[in-house]
Amino acid sequence: MMLSYKAWRESQARFLCALLAMAAWCVLSIVFYRPEDGGGLFSGRARASTYIHYVRYTIYGQGKLAFLIPAIFLGLGGLRRERANHTAVLTLALPVSRNRLVGTRFAVGLAELAVLAMLPGLLTPLLSPFVHQSYPIEEALRFFVVWFAYGTYIFALSFFLSVVMRGDYTAPATCWLVLMLQAAVDSTWQHLRPYGLAPLSDIGGGWDRVAGIGGPLPWFGMTIMILLSAAMFATACRITQTQDS
Amino acid sequence: MSNEYAIETQNLTKQYGRVEAVSRLNLRVTRHRVTGFLGRNGAGKSSTIKMLLGMIRPSEGSGTVLGRPIDDAKESLEIRRRVAFVGEDKELYGYMSIAELICFTSSFYRDWRPEAARRLQAEYELPAKQKVRNLSKGMRTKLALLLALARRPELLILDEPSGGLDPVSTEELLGTLGAAAAEETTVFFSSHQIAEVERIADRVCIITHGKLAADLSMDEIRQDHRRITLGFAGVPPDYVFHMLGVEQVRFAGRQMVIHASKNADAIVEQARALNAVSIDVAPMTLREVFLETVKDA
């Protein structure tokens, strides 16, 4: 229990900043929606035909960065970072296994990620009546599932990289590069797109643009992402076992 | 491995790349005693302690702490449950307050004594709500000591415990360590403050270049170790002492200085035959023994 508290305290600032940014993005997007031309504060020149399209474009499309970037930063930490802060010895002197240390940090990060992924899905249906619109909860749930699955992959990638790489900025920069590479592969070989293997575009509703609005969720891609996340977590545990303080 | 020893290592080795930080170390720390662990900077003290606690993996060799092998992950957990440790850096979680850190640490140990924690907190004047990151080095050291001393561990391992402490706090610490030893806790501590070691240790282990150079009881040092200084009218003879107890012979101008670990009377007898104009025999302090041991090693 106290290990979870430690993991929470270490990621608290990053999580709360992300939560605030995401909440602000959702609230401002909804409050400044202009039904007469289908635009809003963050939609630029783009115009949506319906409110649902507007929410998809603004909150889940453009707003994906407010989720992607925190997912990367929530994954950072671990023994290497503790060594840089000179607290690794204190942590390793505790009578807990290294697997438990890694597992607790992963679990707390996933819980924070779930809250972030859920936030637009909670705020949008709740706030839409204030601008005389409605947003279906089923659709919000669909986006929650997609965000959480792809977010887990991004979080796990960052988590894994921060276990193996030194330096404060190396892991997030490498994580971003990997995601960009996946997006490039996805746009080059378009026949791969229906499989939903590019988190950067799929998290913003990319799969929907292939399957059509309301089409099936990218289950194949999400399953692959979850399996990859589990593999990266297991590898991070193994590597941490052998790391010196 | 024997139950007589709280710590026992056999050929314990740690390599960092090509550098051998600890080299075939054979260390024995007797239970219920205070043992000082001395060595120069980089001699391998901290690496040894980290291996004992499972923080780093030995490259070769083996060891036990409280009878449990240090290279077994499950046994290492039990070792850490029964050992209290204060590290060299004294860096603690800066984002926690003192009260939070005490609460956090206490949750991991069955031998935590809340009344001892409260007493030490009052004694060290540690304000509960103060953030750890805002503490001075001395205060952080006190807090690190509190987290170790508020327990009743079988073994207390301290790496440079008095670093950053003022003289009054150092006195209190030495008193506390003495009291812990009286309660049958084995104390193993590294320090550069030889006077402190001399005051409370029963034994000292001196490590140099990762190897054990000496393992002595303080009684042995006081009773047997002697510095024999022979003065000559001219250049001292190039005589080689092949006698039991001669640890080292140094030449300084017209003097020959012998470090004897035992057998001082017989060594003096033999020295007389060299026609020395003066012979001075003086007891050695731990500082002198330490310097003689590490100087030319």
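Reminder, nothing fancy here: chain letters follow the sequence lines and each chain counts from 1.
No more than 12 heavy-atom neighbours from other residues, nucleotides or ligands sit within 6.0 angstrom of CZ on B:Arg40. Annotation for B:Glu125: atom CD does not count as buried by contact number, only 12 or fewer foreign heavy atoms lying within 6.0 Å. Under a cut-off of 6.0 angstrom, the local environment of OH in B:Tyr16 is crowded, with over 12 non-hydrogen atoms contributed by other residues, nucleotides or ligands. Remark: B:Arg81 CZ is packed, more than 12 non-hydrogen atoms of other residues, nucleotides or ligands lying under 6.0 Å away. Shown here is A:Ile137, whose CD1 atom has no more than 12 heavy atoms of other residues, nucleotides or ligands within 6.0 Å.
Between atom NZ of residue A:Lys6 and atom CD of residue B:Glu100 there is a gap of 13.5 Å, rounded to the nearest 0.5 Å. Here the OH atom belonging to B:Tyr93 is positioned 12.5 Å from the CZ atom belonging to A:Arg9, to the nearest 0.5 angstrom. The distance from the OH atom of B:Tyr95 to the OG1 atom of A:Thr87 is 6.5 Å, given to the nearest 0.5 Å. With values rounded to the nearest 0.5 angstrom, B:Arg57 atom CZ is found 6.0 Å from A:Thr242 atom OG1. Residue B:Leu92 holds its CG atom at 12.5 Å from CG of A:Asn85, rounded to the nearest 0.5 Å. Separating the CG atom in B:Leu77 from the CZ atom in A:Arg98 is a distance of 10.5 Å, to the nearest 0.5 Å.
For A:Gln12, no part lies near chain B; criterion is any non-hydrogen pair under 4.5 Å. For B:Phe85, the part sitting under 4.5 Å from any heavy atom of chain A is the side chain, from C-beta outward, and nothing else.
A side-chain donor-acceptor contact under 3.5 Å links B:Arg80 to the backbone of A:Leu94.
Of all non-hydrogen atoms in A:Val96 and B:Phe108, the two that sit nearest each other are CG1-CE2, 3.7 Å. Minimum interatomic distance between A:Pro95 and B:Tyr109 (heavy atoms only, all atoms of both residues): CD-OH, 3.4 Å.
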